Each structure stands twice: as structure tokens, then as C-alpha cells.
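Working notes, beginning with the structure itself.
Here the structure is a predicted model, which means the values were calculated and not measured. Whatever order the structure lists ligands and atoms in, that order sets their numbers, starting from 1.
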Amino acid sequence: MKTKDILAMLALMPAMASAQTVASPDGNVSLTFSLTDNGRPTYEMSYKGKKVINPSHLGLELARDKHASKGMEETDLMDGFKETASKTSSFDETWTPVWGETKTIRNNYNELEVSLNQPSSNRNIKLRFRVYDYGMGLRYEFPQQQDLNYFVIKEEHTQFAMTGDHTAYWIPGDYDTQEYEYQITPLTGIREVISKNRKAYTANSSTTVFSDTGVQTSLQLKTKDGLYINIHEAACLDYPTMHLNLDEKTLTFESWLTPDAVGRKGFIQTPFNTPWRTVLVSDDARDMLSKKLTLNLNEPCKIEDTSWIHPTKYCGVWWNMIVGTKTWAYTDDLPSVRLGETDYSKCRPNGKHGATTAEVKRYIDFAAKNGLQEVLVEGWNEGWEDWFGHQKLDVFDFVTPYPDFDIKYLNEYAHSKGVRLMMHHETSSSALNYERHLEDAFQLMNKYGYDAVKTGYVGDIIPRGEYHYSQLMNNHYQRVVETAAKHHIMVNAHEATRPTGICRTWPNLVGNESARGTEYEAFGGSVPYHTVMLPFTRLQGGPMDYTPGIFETRLKEWSDNPSYVHTTLCGQLALYLVMYSPLQMAADLPEHYEKYDDAFQFIRDVACDWDDSKYLEAEPAEYITVARKAKGTDNWFVGGKTNNARQTTVKLDFLDVGAKYDCAIYQDGKNADYEKNPKAYTILHRTVKKGDVLKVKQARGGGFAVSLMKK
Ligand code: NOJ
Ligand code: CA
């Protein structure tokens with residue numbers, strides 16, 4: 001018997017003492033649960049014998065004011081617990097995602113379930129720990145019972161005690177947005193950056209930074225002795241989004257939930273399980289990207305017939321508005337709009353409206369010619385003249401097109417060319433209004449044959465006082481996804497809560513933004529390491545609609561916008577591999593792609609659904625190189641993205657033995673540089689076989705892309 005098997009077996013044996021340890025199937029990760037002398041639940045975690053999480057407490061503080069449950073003097077669920085039972089078990093299953101990075105995903109863990117009773121309140125709770133070879137998840141469970149039926153959370157106090165002053169890759173904790181650049185500091189450096197930037201952090205359309213040591217999940221960390229640790233959550237359903245707040249003295253993070261409009265952090269009815277609190281750990285950074293802890297901790301797919309859900313490459317009437325050369329609005333005549341009363345036929349078109357019938361037709365033709373399945377159209381509906389900044393309830397009705405957008409004709413034209421239009425529902429954060437119109441809006445989509453919607457939540461939330469990441473709003477986003485599923489509609493939600501793997505259960509949630517996307521390249525730019533950071537953080541919970549593919553990277557060459565994209569052109573190609581998503585946009589304008597048609601060939605060719613993915617090299621904020629096998633084919637694609645200039649060696653040992661492949665290498669030109677020479681690229685063609693080696697130079701802020709088509 002191997003040591004790892006003995007360890008795993010020992011881990012499953014009933015606990016001898018009050019502390020119980022459960023190890024992962026390979027024995028590398030172990031988690032110990034205990035109660036302190038005053039009955040406070042505590043856990044700690046190790047990886048290959050090294051401490052990852054020092055002893056950390058678990059518990060919930062309950063509300064006692066008028067928002068708490070009626071007639072009950074709430075007792076906190078923090079301490080005074082006695083253990084009444086514990087159970088260990090093992091689970092090993094391989095499941096097939098509807099879309100994904102690999103054909104199948106293995107979900108293999110050892111579990112510890114601890115039942116606790118709090119004699120002073122006569123309440124019972126359970127703690128469940130799942131220990132994987134690459135991390136763990138824990139959650140609180142509240143069985144239904146006489147003395148714990150309804151309760152209100154004041155704060156969750158789940159701790160993650162760090163073992164040192166690790167390097168943290170973080171963005172500030174914010175109840176409303178994740179559209180930040182990542183900071184890289186020691187844990188003890190967080191306060192200085194946040195306190196210095198408090199003013200700058202109010203620049204977004206809706207922001208609420210709550211603490212000088214608060215950060216968002218997923219939080220990537222690196223220890224001095226080379227351990228990579230990632231803290232996040234899985235299956236955040238009917239619960240507010242969790243942030244982490246650092247106590248610098250003890251180097252301990254504690255959960256900090258998003259409050260609602262009355263300052264409460266969760267109205268709970270039992271039976272109820274909280275989301276999973278997760279810790280991913282490895283001494284190999286590539287495991288941070290390839291291990292699917294968040295997805296595994298979500299429930300299996302709840303949609304029976306998934307045949308209508310499909311990975312999609314799309315283009316759209318979009319970048320022009322973001323850059324400022326076109327508008328979402330139809331007219332400049334109106335100081336404000338009243339839906340149903342404003343008569344647009346009496347208004348003069350402003351001449352810059354993007355979503356005109358002629359322009360959309362041009363995009364449909366472009367999509368049809370280049371094998372893109374859909375065309376997103378923003379600014380097609382009435383209301384954009386005063387859509388933002390007024391905390392207005394009835395901004396859009398989501399069903400009334402502008403006079404110059406022929407919805408019937410355009411859908412028929414698109415379908416005749418094998419293309420679909422993608423709907424856009426900007427809610428301007430009036431969730432209340434959106435819910436009122438949701439059914440009609442989805443019926444309109446069904447009527448014209450739309451099967452995907454991009455939603456958006458720009459500005460402060462209505463109901464007023466709510467935050468983007470509160471329990472009420474998380475329930476709203478979920479209601480939209482579930483209602484959409486009934487209408488066979490795929491959802492791509494911008495500015496919504498960052499994902500926590502719910503796309504496993506509801507695979508019609510094909511994308512989220514919930515981070516700083518390509519649009520920021522037109523708002524001053526993002527640091528060149530941004531896209532070699534996002535896969536370690538934001539993508540832990542699910543795919544991002546990053547909208548890559550900007551070829552004309554210097555915006556002032558074709559607009560008045562002084563911003564420039566902080567990558568090379570080849571760096572943009574690399575994003576189709578490095579930023580995994582079943583929804584990939586070709587975000588630049590058709591006329592720009594026509595200018596660089598040989599480079600655009602890669603976007604035409606690249607898949608967005610995969611049978612296999614191999615992360616070849618990775619380091620947070622530095623570089624990622626990944627090879628992926630296109631779904632249902634023998635073709636491979638490789639992408640590498642870098643922060644600093646570097647040479648990458650790709651060994652083609654993943655190709656089939658004895659087969660030959662047509663290989664196209666799209667790489668940065670000799671003097672390419674994201675600032676000085678972003679558009680220099682070369683394309684090399686050759687025939688390759690298994691075992692061949694590609695040596696590729698990447699420029700500063702650059703990248704490369706390779707297609708390998710089996711002959
Ligand atoms: C912000 C979104 O991220 C962007 O993609 C969209 O175009 C605008 N909101 C308008 O809805
Ligand atoms: Ca956005």
C-alpha cells in the first residue's frame with residue numbers, strides 16, 4: 001500500500017480525539033476540524049505538510065433589531081456548540097459539462113460532516129467540509145427546526161488565517177463593482193493602496209468600497225515558499241456575495257458579506273445551506289487554472305434539454321459606442337424621455353446612431369462571411385437618451401425599437417444568412433423595472449428568434465439603496481437566468497455579481513462580465529498584465545465576456561479617443577485561448593478586420609468549446625500558455641499571453657502519434673511592443689508532428705496564437 005493510500009484511509013477513519021482530520025484522496029491536502037474550549041468551530045488546512053490556513057474560526061452573528069425574526073431574541077451561531085455527530089464519506093464522479101475547457105470533469109473528494117448543537121438556544125447546525133487533492137470547500141447547513149426557522153444574518157465570521165505576509169493579487173472590496181485593475185502587494189500593503197485611492201475608486205458608475213483592508217474574491221495569493229493559494233466561494237445562491245476583510249495584526253481574512261438596503265446580510269429560511277467557502281492550493285501555478293473546484297462544488301445541471309445552448313463567436317454594433325464614434329441614443333433632440341409618451345418619429349436622428357438597419361445588415365453580412373454565429377446589437381431600443389445617471393425607474397421597456405431599427409426585417413435577414421441577432425437589455429440597474437418587463441421582453445425575443453441576451457447593470461441599483469452584490473440582487477440575476485432558461489435563452493450578464501460556478505447548474509449562463517473588460521481599453525487602458533491575472537481570479541467562478549480582438553489598437557488613428565489598447569495585435573489573438581469562454585466576441589469593426597485579414601484568419605478558425613485543455617506554463621500577472629483541443633475535432637489551438645517580453649517553448653507532445661498538422665503561428669513582429677509598435681506581427685506556416693518544438697517570441701504586452709489542423 002502506498003503512503004498516500006494509507007493517509008487517505010486514515011483520514012476516513014472515525015475520529016479518536018475531539019479534533020477530526022480529513023485528507024484529500026491523494027493525501028496532499030488535509031483539513032482538521034475542532035471545537036475550542038468555549039465551543040467555537042475551528043478548522044485548519046495543510047498541503048503536502050505545509051500549513052495553508054492556520055486555525056480559523058467559523059460562525060454567524062445574527063441580527064436582533066426590527067429586521068430580525070419576530071418575537072425571538074436571537075442567539076448568535078458563533079460559539080457554545082457541542083458536537084453531536086460526525087460522518088466521513090468519499091465521492092468520485094466524472095461529469096460532462098454542456099460546454100467547457102474539457103470534455104469531462106472529475107469530482108473526487110473526501111467529506112467530513114459535523115453536526116453541532118448549541119444547548120443555550122436549542123439549535124442544530126451542520127458544517128460540511130469537502131477535501132480535494134487541490135483544495136477544500138466548507139459550508140454551513142441549517143436544517144429546518146422549531147428554534148431555527150427564520151433568521152437574519154448580521155455578519156458571517158468565516159476566517160481564513162494566513163501563515164505569513166503573502167503576496168496578494170487583489171482588487172478592493174466593493175459592494176457594487178469589480179471593474180478594477182489588480183494590485184500586487186504583500187498582505188500588509190493592502191491598506192496603504194486602498195486608503196490612498198479612496199477618491200479614485202469612486203470613478204465608476206456605481207461603487208461602494210467599504211474598508212481599507214477589504215478585498216474581493218477570488219483572491220490569488222503566493223507564499224514566500226512558492227505555494228499558490230486562491231480563496232473564493234462556490235454556489236452563491238439566495239445569499240449575498242462575500243468579500244474578505246484583513247486583520248493585519250493576525251494576518252487573518254474574515255468574510256464580509258454585502259449588505260442590503262437596510263444593512264442586513266441575508267434573510268434566511270431553513271432548511272438552508274450557505275455558499276461554499278473555498279481554498280484552492282498547489283505548488284504549481286497551472287493548477288490554479290486547470291482544477292475545477294468552483295464548478296465541482298455546484299449542483300449538476302438543472303436544465304433537462306440543453307440542445308439549444310451553444311458556444312458562440314459573435315461580433316456586434318458595440319465598439320463604436322464604447323470608443324465614442326457612434327451613440328446608443330437615436331436623437332440629440334430630447335433632454336429626457338418618458339416611455340410610451342415620447343414620440344421618436346418627431347425627433348431628428350443624430351446621424352451617429354449605431355444600431356441602424358443598414359449598419360446591422362453590414363454586421364450580419366460580415367458575420368455570415370466569417371463564420372460568426374451571432375451579431376450583438378446595442379442601442380436598438382427606445383430610452384437611451386437619458387439612460388444613465390438619473391436613478392430613473394422606467395428607463396427601458398425592452399420591447400420598443402427605435403424608428404431606424406427594423407427588428408422583423410433584420411432578424412429575417414440574419415436567419416436567411418445562418419446568423420442570429422443577440423439581444424441587449426441594459427437595465428441601467430433598475431432591476432425592479434427589468435423584472436416587470438422580463439416576460440414580455442423574453443417573449444419578444446422568442447417571437448423574432450433571438451436565443452441570447454446580454455444584460456447590463458450600469459449605475460446604482462433600483463430598488464434604491466440595494467447594492468449590486470446583495471442577496472436581493474443575487475436573487476434577481478438568478479431569476480433572470482432561470483426565466484431565460486424557460487424561454488431557451490442564453491444569458492451574458494454585465495456588471496452582475498462575479499460568478500461562483502452556477503453555470504454548471506444553469507449552463508444557459510454562458511457569460512458574465514463582472515470585471516474590467518476590453519471596454520476599459522477605450523477608457524484609458526488596463527495594465528498589460530490584466531489578462532494574465534483574470535484567469536487566476538475572476539475566471540475561477542466562470543467565463544468572462546471579455547470581448548477581445550481589437551486589431552486597431554491605437555484608437556486615435558480612427559477616432560478622437562486618445563486611449564490605446566495595452567496589448568499587441570497578437571496579444572489580442574492569444575486572448576481567445578487564455579481567457580476561456582464559450583462566448584467569444586470579435587470586438588473590433590469589420591473594416592479593421594478587413595485590413596488585417598491574414599491575422600483575422602485565426603479568429604475565423606479558433607474554436608470556443610473544447611474537449612481538452614493543457615496549461616503549459618503559468619504565473620500570475622506574468623504569463624499563461626495553454627493548448628486546447630477543439631470540441632469534436634482533432635485540431636488544437638495554442639495561445640500564450642505575457643506581461644513582459646519573453647520567449648516561450650511549446651513542445652507539441654499533445655498531438656496524435658503519426659499524424660501531420662498544418663500549423664499557423666501568429667506571433668509578435670521583431671520590434672513589436674504594446675506601446676511603441678503594437679501591430680507588428682508575422683504569420684508562419686509549416687507542417688508539424690507530435691514532439692516538434694515551437695520557439696515563439698512574445699513582445700512586452702504581447703502574445704501568440706497557433707492553430708494546428710490535422711491533415
Ligand atoms: C457596460 C457594458 O460593460 C458594455 O459592454 C455596454 O456596452 C454598456 N454598459 C452599455 O450597456
Ligand atoms: Ca462593464
Check your understanding: Relative to the ring of H424, is the ring of W384 parallel (under 30°), tilted (30 to 60°) or perpendicular (over 60°)?
Key -> parallel

Review point. Which atoms of ligand 1 are found less than 4.0 Å from any heavy atom of H424?
Key: 11 (O)

Review point. Should the ring pair H592 and W558 be called parallel, tilted or perpendicular, given that the plane angle runs from 0 to 90° and is split at 30 and 60?
Key: perpendicular

Check your understanding: Is the shortest distance from a Lys or Arg side-chain nitrogen in E233 or R498 to a carboxylate oxygen in the other one below 4.0 Å?
Key -> yes

Review point. When the ring planes of W387 and F396 are compared, do they come out parallel, tilted or perpendicular, using 30° and 60° as the limits?
Key: tilted

Review point. Roughly, to 10 degrees, what angle do E513 atom OE1 and E179 atom OE2 form around the Ca ion (ligand 2)?
Key: 80°

Check your understanding: So which of T455, N512, D545 actually passes side-chain hydrogen bond (donor to acceptor under 3.5 Å, both in side chains) with H494?
Key -> D545

Review point. Are any of the heavy atoms in I322 under 4.0 Å away from ligand 1?
Key: yes

Review point. Please state the angle at the Ca ion (ligand 2) spanned by OE2 of E519 and OE2 of E495: what is it, rounded to 10 degrees?
Key: 150°

Point to revise | Nearest protein heavy atom with distance in Å, relative to atom 9 (N) of ligand 1 | key: V458 CG2, 3.4 Å

Review point. Does ligand 1 have an atom that lies less than 4.0 angstrom from a heavy atom of W384?
Key: yes

Review point. Given Y314, which of V419, L583, L372 fulfils the side chain to side chain contact (heavy atoms under 4.5 Å, CB included) condition?
Key: L583

Exercise for review: Give a yes/no verdict on whether any heavy atom in K454 is under 4.0 Å from an atom of ligand 1.
Suggested key: yes

Revision key, fill the gap. The closest protein heavy-atom partner of atom 4 (C) of ligand 1 is E519 OE1, 3.3 Å

Review point. Think K556 forms a cation-pi with Y564, using NZ or CZ under 6.0 Å from the six-ring centre and within 45 degrees of its axis?
Key: no

Point to revise | More than 12 heavy atoms of other groups within 6.0 Å of D560 CG | key: no

Point to revise | Aromatic ring pairing Y330/Y402, orientation class (parallel under 30°, perpendicular over 60°, tilted between) | key: parallel

Review point. So is there a nitrogen or oxygen of W387 less than 3.5 Å from a nitrogen or oxygen in ligand 1?
Key: no

Review point. Which atoms of ligand 1 have any heavy atom of E513 under 4.0 Å away?
Key: 3 (O)

Practice item. Report, in ascending order of atom number, the atoms of ligand 1 lying under 4.0 Å from any heavy atom of W318. Key: 4 (C), 5 (O), 6 (C), 7 (O)

**Study point:** Those atoms of ligand 1 less than 4.0 Å from some heavy atom in H494
**Key:** 2 (C), 3 (O), 5 (O)

Point to revise | Nearest non-hydrogen protein atom, atom 1 (C) of ligand 1 | key: E495 OE2, 3.0 Å

**Study point:** Option of least heavy-atom distance to atom 6 (C) of ligand 1 (set: R516, E426, E378, M585)
**Key:** E378

